[in-house]
2 protein chains.
Amino acid sequence: MPPAEARAAFRAGRRVPTAGFSAGYAQANLLCLPRADAYDFLVFAQRNPKSCPVLEVTEPGAVAAPTFDGDLRTDLPAYRVYRHGELVEERTDVTDLWRADLVSFLIGCSFTFEAALLADEVPVRHVEDGGNVPMYRTSRACRSAGALSGPLVVSMRPIPAEQVADAVRITSRYPAVHGAPVHVGAPEQLGITDLAVPDFGDPVGIRPGEVPVFWACGVTPQAAVMQSAPDFAIGHAPGHMAITDARDAQFQVP
Amino acid sequence: MPPAEARAAFRAGRRVPTAGFSAGYAQANLLCLPRADAYDFLVFAQRNPKSCPVLEVTEPGAVAAPTFDGDLRTDLPAYRVYRHGELVEERTDVTDLWRADLVSFLIGCSFTFEAALLADEVPVRHVEDGGNVPMYRTSRACRSAGALSGPLVVSMRPIPAEQVADAVRITSRYPAVHGAPVHVGAPEQLGITDLAVPDFGDPVGIRPGEVPVFWACGVTPQAAVMQSAPDFAIGHAPGHMAITDARDAQFQVP
């Protein structure tokens, strides 16, 4: 399904996680903030590039961008609305909440490197399960910027021990979509006490001989919003991403 | 010479291009702008990541940063001062021009990948010559952001034809310091009419069988300052970089 078609389906009200949609095209995390808060977020993103790799910044009020030829208010399957740091609503259309001063940030998503993992036969459990990737708030603080601070959020994929090096090598080629893992094994060092209870997404099983591998996650900006409590923010619902017109291959180095 | 020692020498007044200083440590382009202009620059950098890879953003007024344990007002060998887009002065100390609202941006520098080129015996002509890399304003416009617009500036290295692929492969592993070339051969397509007359730095000879290879250059932000004319800005003098405490190796992927 090409990106324009997927976006049209979501605009028409289809509400579904986007994993596996529009293969070959990059999916992105969304964060919309008033212009008054946007500088702090850009500095926050620069200081935390593994969790917040910014792919696009719109003009204030704009609902499209060169890499997103759609309508950011309607073309994601689901949104989360925050007021003063509280998640107040989840909905499929934010048109009536839109403001002329809202700046939208599209932030790289690890779905891009999952295709590369699968192409080398590195298993991706939540894709096998047909679910959402498990995500965890960690005990690690991001570097703060102005009024914005918050914990690092990670996604986790169980990888067979003999393929951990492959998973590192492959994902490190995609720095604009979180890149190499931030942690391999030892979840307790990240303050994660129970892998079976993720903070976002669905739990996955870890089989004997598999190691939990952790990547920085694009939900980190929303965790910063919850901790720092700007007046107003909109994000995507975890796993319900913006499907862009940018090709995954564009983000591969070398 | 460790970074702290090099910075002390420059602080004491030594005025010399920094190529070859503090091997293994990243050098950086500097741009200082009033906070009121800093948002536009961060968006400009996000939209032009090959020429403006931001490594660090300081707090307003700050003269140091986690990756620069020195004094940004004195520890570069030379600075350029701009008022309303005009280069009004070049000097070795900007302490008396400093303002509490100045935000400093440290921007990746291609000197980092030159060490990797040399390690694989890809020649780097201006290093052989002991001069500054030749840099050219191109006819290509950067993507603009708010009040900031300007041409892409490139650096050029002549590479033997049989090593061009190596040069691409090696430099593409360093996206945070300009990464892969933006152009290989055909300078006229970039609007460069005479390679012997660079806009910044020193000309270098191109030998038979060599191809001019062009990388996005960290002088691009200063070209944007000259075109867009913010009230006040400070940059490094081309080739006279900020020597940081960050290791070159930190910027290598995969």
Side-chain angles (χ1 to χ4, degrees), chain A residues 33-50 52-60 62 65-67 101 103-108 113 116 120 143-148 165-181 246 250-254, chain B residues 33-50 52-60 62 65-67 101 103-108 113 116 120 143-148 165-181 246 250-254:
Chain A
L33 284 172
R35 170 64 182 84
D37 300 312
Y39 178 77
D40 282 354
F41 180 70
L42 268 179
V43 177
F44 184 83
Q46 190 284 321
R47 291 182 182 168
N48 301 283
K50 292 203 82 161
C52 310
V54 177
L55 305 182
E56 191 75 76
V57 185
T58 67
E59 296 302 312
T67 53
D101 68 340
V103 175
S104 295
F105 300 94
L106 293 174
I107 297 155
F113 66 55
D120 197 28
R143 277 184 68 192
S144 64
L148 270 183
D166 290 333
V168 172
R169 178 177 57 78
I170 292 166
T171 59
S172 69
R173 302 174 74 190
Y174 295 88
V177 294
H178 305 304
Q250 176 186 335
F251 301 108
Q252 184 195 309
V253 292
Chain B
L33 284 172
R35 169 67 183 82
D37 300 312
Y39 178 77
D40 282 354
F41 180 70
L42 268 179
V43 177
F44 184 83
Q46 190 283 322
R47 291 181 181 168
N48 301 282
K50 293 203 82 161
C52 309
V54 177
L55 305 183
E56 191 75 75
V57 185
T58 67
E59 297 302 311
T67 53
D101 68 339
V103 176
S104 296
F105 300 94
L106 293 174
I107 298 155
F113 66 54
D120 198 29
R143 275 183 70 191
S144 64
L148 271 183
D166 290 333
V168 172
R169 178 178 57 79
I170 293 166
T171 59
S172 68
R173 300 174 74 191
Y174 294 89
V177 294
H178 304 304
Q250 176 186 335
F251 301 109
Q252 184 195 310
V253 292

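All heavy atoms count here, side chains included; hydrogens, waters and symmetry mates do not. Within every chain, numbering begins at 1; the chains are lettered A, B, ... in the order of the sequence lines, protein sequences first and strands thereafter.
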Per-residue contact mode, V168(A) against chain B (heavy atom under 4.5 angstrom): neither
Chain B contacts, top residue of V103(A), V57(A), V253(A) (heavy-atom pairs, under 4.5 Å): V57(A)
Basic-acidic side-chain contact under 4.0 Å: E59(A), R143(B): no
Per-residue contact mode, T67(A) against chain B (heavy atom under 4.5 angstrom): neither
Chain B contact via R173(A) - which portion, at a heavy-atom distance below 4.5 Å: both
Any F41(A) side-chain heavy atom under 4.5 Å of L42(B) side chain: no
Pick from G179(A), P66(A), P49(A), A145(A) with the largest number of heavy-atom pairs that fall under 4.5 Å of chain B: P66(A)
Part of P60(A) within contact of chain B (heavy atom distance under 4.5 Å): neither
Check: Y39(A) and R35(B) side chains under 4.5 Å, non-hydrogen atoms: yes
Selection from P175(B), A180(B), A38(B) maximising heavy-atom pairs under 4.5 Å formed with chain A: A38(B)
Value rounded to 0.5 Å, distance of CG in L106(A) from CD in Q46(B): 9.0 Å
Residue A45(B) versus chain A: region with a heavy atom under 4.5 Å: neither
Which portion of A176(A) sits near chain B, non-hydrogen atoms under 4.5 angstrom: neither
